[in-house]
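Encoded as structure tokens, the structure appears first; notes follow it.
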Amino acid sequence: MSTERVERRIARALLRLVSQLGRKVETGVLIDLALSREDVANMTGTTVYTVSRILSRWEEEGIIEGGREKVLIKRPPSLVMIAEDLPPTVKPLETRR
């Protein structure tokens, strides 16, 4: 586990929580659990600083939304892509005339 990319470990941990505790809501999938960044760091074998940096970036990208005692997965497919280490989907370029 420690050799996997940290982002991948964090994404997998969140997806595990989604499968165990997730509840579909209008804006995504809600993990209604008091889950600190320290908890996520302990679950994934990394530092709180690293978890904080990654989760903050995911929030900026609109993948997740953190909150007090909850995490909203706004774009579950994006989290799956990170967890599975898949390349981002690229929309085809429009042809110019």
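Distance CD1/Ile54 to CZ/Arg9: 8.5 Å, rounded to 0.5 Å.
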Residue pair Leu17, Met43: steps toward the side-chain contact (heavy atoms from CB on, under 4.5 Å) verdict: CA-CA 11 Å; Leu17 291 172; Met43 290 169 57; 4.0 Å; yes

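For residues 76-87, the salt bridge (charged side-chain N to carboxylate O under 4.0 Å, His left out) pairs, not counting sequence neighbours, are Arg5-Asp85. Pairs of residues two or more places apart, or lying in two chains, never qualify as side chain to side chain donor-acceptor pair (under 3.5 Å) while including a residue from residues 20-33.
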Show me the side-chain donor-acceptor pairs of residues 73-82 shorter than 3.5 Å, one per line, residues at least two apart or across chains.
{"from": "Arg75", "atom 1": "NE", "to": "Ser78", "atom 2": "OG", "distance (Å)": "3.2"}
{"from": "Arg75", "atom 1": "NH1", "to": "Glu61", "atom 2": "O", "distance (Å)": "2.5"}
{"from": "Arg75", "atom 1": "NH2", "to": "Ser78", "atom 2": "OG", "distance (Å)": "2.9"}

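Partners of Glu59 according to the salt bridge (Lys or Arg N to Asp or Glu O under 4.0 Å) rule, which considers only residues two or more places apart in sequence or in another chain, are Arg37.
If you chain together ILVMFWY residues whose side-chain heavy atoms come under 4.5 Å of each other, Leu72 ends up grouped with Val25, Leu30. Other residues sharing the hydrophobic cluster of Tyr49, ordered by chain and number and joined by side-chain separations under 4.5 Å: none, the residue standing alone.
The backbone N or O of Arg53 sits nowhere less than 3.5 Å from a side-chain atom of Ser56 that would complete a donor-acceptor pair. Side-chain N or O atoms of Thr44 include one that pairs as donor or acceptor with a backbone N or O of Val40 at under 3.5 Å. Using a distance-only test at 3.5 Å, with no hydrogens or angles considered, no donor-acceptor pair links the side chain of Ser52 to the main chain of Val48.
In plain terms, the two heavy atoms of Leu15 and Ala83 that are nearest each other are CD1-CB, 3.6 Å.
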